Structures are given as structure tokens and as C-alpha cells.
Amino acid sequence: MTKQLLLLPGDGIGPEVTAQSRRIVDRLNADAGLDVVMSEARFGGAAIDADGVPLTPKTLAQALAADAVLMGAVGGPQWAKQSYDKRPEAGLLKLRSGMGAFANLRPARCFAALADASSLKRELVEGLDILFVRELTGGVYFGEPRGIEDLGNGERRGVNTQVYTSSEIRRVARVAFDLAKGRTGRVCSAEKSNVMESGLLWREEVQALRDAEYPHIDLSHMLADNTAMQLVKNPRQFDVILTDNLFGDILSDEAAMLTGSLGMLPSAALGEAGKPGLYEPIHGSAPDIAGQGVANPCASILSLAMALRYSLGRPDLAERVEAAVEAALDNGARTGDLGGKLGTTAMADAIIAGL
Ligand code: NAD
Ligand code: IPM
Ligand code: MN
């Protein structure tokens, strides 16, 4: 059955890396029996420039009507002076919440060939395979009240609200537990229950769900600051890490360096069964290297692999794409962030050669 994939290339290196994923889809359509129709829409800063807003209602409707959405990245210094709701990043939050994509899967896997590209010693990261399950449509990113108010005495006050309900916590914890069943069954839940009521509720709800419905899951709890430290001390102690929106953002960027580069990490944002998934690299628009043709396309290509697995009905091709990335790395293909010299297109060429 024909599946629809909406591409949202976005800003900076977003279009550069998304173009390489498009080549992979073209190739799989031609040679591997894939039946995916791609369409493309402006998103983020590119949409602000053309349409005045980062996410138009039409683009959101297109996203909801697709089987999967592959996003590049948004943001850049040219839009950083706009009021908050006019920024590219606000469009991304709107897209995530509009799609109901509350569970963000961020696998941090160290490919064997990249064990020496990590900033940690090889013996700490070899074989690393962590799955972050990050809550994506709640917490301090969305809580009200929010804003900057003028106190009138030369002072201003910036406010954001960290807030979670039981059902928001339980539905993402369920995703983590279900995925852990197919792994080693270990889930570590990270929060700050020592100082935050929302963190205490998080811990209690996660534990209660485990006790009621997932007796075989080996659940542990860890304070998020300690989790950050343990990730660089002994990262292989972790299997699935379940955490909230803000801690998940920070801890997954930290974990990216364990795998060699931020340019390697894909993600999938999933909602209720049957809803389209949102797939995106965890990196941003990388304004420092945008336009140079040097960005690593692996995170985008591996995000496409996750789309093949979770939304496009072709887990076999997901494995094939992942194996092609691994083979390219085994053969020494490296972009600059991995210590090599290949440009974006040449790196994708090496991956396509292995397909
Ligand atoms: P960034 O992830 O864009 O870049 C951090 C560093 O990693 C930079 O040195 C960059 O060159 C490097 N890098 C990132 N991706 C790379 C790749 N594929 N290949 C090689 N090197 C890569 O983070 P930042 O600089 O803090 O943010 C820049 C902009 O991106 C901001 O506007 C931010 O809001 C936005 N952002 C967007 C997303 C997203 O769209 N999902 C994610 C993170 C940041
Ligand atoms: C990410 C990004 C986003 C986030 C920003 C751009 C809204 O950093 O996807 O990791 O914080 O979720
Ligand atoms: Mn981030």
C-alpha cells in the first residue's frame, strides 16, 4: 500500500541532510519494493520568511494526513530576535503537540567503527545501546503560565511552569516499559523528585504503573543530575532511560557524544496507535556549518530508518538502511564531525553504495 511521507527540511543544515534521506527513499522505491510518495512543505524559519508563521495550519493538516513526517531542523540567529511565538522553535513545539507525538524515542547506539570517535574512552562506549524515552508534549516546554513580564521598576520576570499530570506520565512510561520488554527489561526513570513536586509525582506514577501492570520490568529511579554524571562515568549501565521533556533534551545531547557525534542521533516521536509519527535528527540547524555541504546526514538517514520501522510498515528496510550506515562507517566513511573529510553528499553516497 502506498504510504505518504511529508518532508519538512526546515533551516540551516536541515535541507542539506533531508535531501540525502530523500535520495535513500528514491533508491528504495526504485530497487526494494518500497512504495512511498514524498511531499515537502516549508517549516520553521523558512516558513516565517514566506508565510509569517513557523507552522501554517495547512502544513499541520498535511502532517496529520501523512503516514510519517521527516523533519530536518529549525532555527537560526536570523530569527532569534522575534517574539517567542514567532520563532522557528515554537513551530516545532506546535507540530509535536498538534500531532500528539508525546513519546520521543532517542536511541543512542555507538557503532563499533565509531568507538574511537567518542570523547570518552573506547572501553566505556564500545557496544553502547541506550534508548531514551523522552516525554515530548508536556512539562516546562508547555506549562502555563509562561512569559516575560515587566515589573515596572526596571525589573522583568521570566516565567515557565513545569507541570505533569498522572495520565501524561503514565502514557509515556507505558511506551518505555513496552519497548524495554524487547530489550533487557531494565528501565531507569530520571527526575528531580528531591526538589520538585512534578518530579515526585513522576516517580510515584511510574512506580505505580510498573507495580500494577509490568511486574517483569526491572525499574530503577535516579535523580537527573546523577544520571548526567553516570552517563559519562559508566554509560553501559543503562538500557532504557525514561525522562521528562527538558531532562530528555539535555541528557540525549550528552549521550550523543558517547556515540561519536551529535550528527549520528535519530529520533522518533510517536503518539496514539495509528497516528503519523514525527521523525527528526536530535541535532539542530547547526548555523556554524550550514551551507558548506559538510553536515553529517546519518542522523537524518537513521531517522528515516525509524520511520520505515514504526510508520511506513517496512521494518525490513529499516534494518537494511541501518546496516548500510554501519557498513559505510566500517569502510571508513566519515564526515568532519567524525574526524573525516567526506561532505554530506559523499557520506550519503557511501551509505547508498551499501544499500
Ligand atoms: P546544533 O545541534 O544545531 O549544533 C550544535 C553543534 O553540533 C554545532 O557545532 C554543529 O555544527 C554540530 N552539529 C549538529 N548537527 C551536526 C551534523 N549533522 N553534522 C555535523 N555537525 C553537527 O545546536 P545549537 O547550535 O545549539 O542550535 C542551533 C539552532 O538549532 C538553534 O536555533 C536551536 O534552537 C536549533 N535546534 C533545533 C533543533 C531541531 O530542529 N530539532 C534541535 C536542536 C537545536
Ligand atoms: C531538540 C531541540 C528542541 C527541543 C528545540 C529546538 C525546541 O533541542 O529536538 O532536541 O528542545 O526539544
Ligand atoms: Mn535538543
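Read the numbers this way: they start at 1 and go in the same order the structure lists the ligands and their atoms. Here the structure is a predicted model, which is why all the values come from computation and not from measurement. Counting begins at 1 with the first residue of the sequence.
Within a 4.0 Å radius of atom 21 (N) of ligand 1, the protein contributes one or more non-hydrogen atoms. Using a 4.0 Å threshold on non-hydrogen atoms, atom 26 (O) of ligand 1 does not count as touching the protein.
In terms of polar-atom proximity, Ala286 is counted as a contact of ligand 1, with an N or O under 3.5 Å from an N or O of the ligand. Annotation: Val294 places no N or O atom under 3.5 Å from an N or O atom of ligand 1; distance criterion only. For the pair Glu280 and ligand 1, the shortest N or O to N or O distance falls below 3.5 Å. Close N/O approach between Gly284 and ligand 1 is found [any backbone or side-chain N/O within under 3.5 Å].
Residue Glu89 touches ligand 1 through its side chain alone, judged by heavy-atom distances below 4.0 Å. Residue contacts with ligand 2, taken as heavy atom pairs separated by less than 4.0 Å, do not involve Arg87 at all. Only the side chain of Leu92 comes within contact range of ligand 1, with a heavy atom under 4.0 Å; no backbone atom does. Only the side chain of Asp337 comes within 4.0 Å of ligand 1, judged by heavy-atom distances. Here His283 has no heavy atoms under 4.0 Å from ligand 2, in either its backbone or its side chain.
We find that Arg23 and Asp349 are joined by a salt bridge, their nearest charged nitrogen and carboxylate oxygen being less than 4.0 Å apart. Note on Glu123 versus Arg236: no salt bridge recorded, every NZ/NE/NH1/NH2 to OD/OE distance being 4.0 Å or above. Ion pairing between a basic and an acidic side chain is recognised when a charged N comes within 4.0 Å of a carboxylate O; Asp150 and Arg156 show no such pairing. Of the charged side-chain nitrogens involved, none lies within less than 4.0 Å of a carboxylate oxygen, so that Lys3 and Asp35 do not count as a salt-bridged pair.
If you number the atoms of ligand 1 from 1 as listed, the ones under 4.0 Å from a heavy atom of Gly75 come out as 32 (O). Of all atoms in ligand 1, listed by their number and element, those nearer than 4.0 Å to a heavy atom of Ile289 are 11 (O), 20 (C), 21 (N). Of all the atoms in ligand 1, the ones that sit under 4.0 Å from a non-hydrogen atom of Gly263 are 17 (C), 18 (N). Using a 4.0 Å cut-off to heavy atoms of Ile282, the atoms of ligand 2 that qualify are 10 (O). Counting the atoms of ligand 1 from 1 in the order shown, those under 4.0 Å from a heavy atom of Ile13 are 15 (N), 16 (C), 17 (C), 18 (N). Listed by number with element, the atoms of ligand 1 under 4.0 angstrom from any heavy atom of Ala73 are 40 (O). Atom numbering of ligand 1 starts at 1 in the shown order; those under 4.0 Å from a heavy atom of Ala295 are 19 (N). Below 4.0 Å from some heavy atom of Ile282 lie the following atoms of ligand 1, by number and element: 42 (C). Of all atoms in ligand 2, listed by their number and element, those nearer than 4.0 Å to a heavy atom of Tyr141 are 4 (C), 11 (O), 12 (O). With ligand atoms numbered from 1 in the order given, ligand 1 contributes 40 (O), 41 (N) to contacts under 4.0 Å with heavy atoms of Met71.
You'll find the side chain of Phe111 stays beyond 4.5 Å of the side chain of Thr259, heavy atoms only. In this structure, the side chains of Phe177 and Val206 come closer than 4.5 Å at one or more pairs of heavy atoms. Contact check for Leu270 versus Leu278: no side-chain heavy atoms found under the 4.5 Å cut-off. Side-chain contact between Leu7 and Phe43: absent, with no pair of heavy atoms (C-beta onward) separated by less than 4.5 Å.
For Asn331 (side chain) and Ala327 (main-chain N/O), a donor-acceptor pair under 3.5 Å exists by modelled atom type. For Thr59 (side chain) and Leu55 (main-chain N/O), no donor-acceptor pair under 3.5 Å exists by modelled atom type. Of the possible donor and acceptor atoms, none in the side chain of Arg27 sits under 3.5 Å from a partner among the backbone N and O of Ile352.
Because the distance cut-off is set at 2.8 Å, Asp253 fails to qualify as a neighbour of the Mn ion (ligand 3), as none of its N, O or S atoms comes that close.
Proximity of Asp253 to ligand 1 is not established, as no heavy-atom distance is less than 4.0 Å. Using a 4.0 Å heavy-atom cutoff, Arg96 is listed among the residues neighbouring ligand 2. Within the 4.0 Å heavy-atom shell around ligand 1 one finds Gly76.
Counting protein heavy atoms only, atom 29 (C) of ligand 1 is closest to Ser285 OG, 3.2 Å. Protein heavy atom in closest approach to atom 28 (C) of ligand 1: Pro287 CD, 3.5 Å. The nearest heavy-atom contact from the protein to atom 7 (O) of ligand 1 is Leu262 CD2, 3.8 Å. The protein heavy atom nearest to atom 14 (C) of ligand 1 is His283 CB, 3.7 Å. Given atom 40 (O) of ligand 1, the protein heavy atom at minimum distance is Val74 N, 2.9 Å.
Relative to the six-membered ring of Phe247, Arg134 misses at least one condition, a distance below 6.0 Å or an angle of at most 45° to the axis.
Hydrophobic clustering of Ile, Leu, Val, Met, Phe, Trp and Tyr side chains at less than 4.5 Å, counting indirect connections, keeps Ile13 apart from Ile24.
For atom 1 (C) of ligand 2, the choice among Met71, Arg106, Glu89 with the nearest heavy atom turns out to be Arg106. The option from Asn296, Asp288, Thr344, Thr335 that lies nearest to atom 8 (C) of ligand 1, judged by heavy atoms, is Asp288. Around atom 10 (O) of ligand 2, the closest heavy atom drawn from Asp249, Leu92, Leu265 belongs to Asp249.
Taking the six-membered ring where tryptophan is involved, the planes of Trp202 and Tyr164 are perpendicular, since the angle between them exceeds 60° and thus also 30°.
Counted by atom type alone, Glu205 and Ser166 present one or more donor-acceptor pairs between their side chains at under 3.5 Å.
If you look at Asp249 and ask which of its N, O or S atoms sits nearest the Mn ion (ligand 3), the answer is OD1.
When Thr335, Asp337, Leu114 are each tested for a side-chain contact (heavy atoms from CB on, under 4.5 Å) with Ser261, only one passes: Asp337.
Within a 6.0 Å sphere centred on CD of Gln78, other residues, nucleotides and ligands contribute more than 12 heavy atoms. Atom CG of Leu151 sits in a crowded spot, with more than 12 heavy atoms from other residues, nucleotides or ligands closer than 6.0 Å. Open room surrounds NZ on Lys94; 12 or fewer heavy atoms of other groups in view lie less than 6.0 Å from it.
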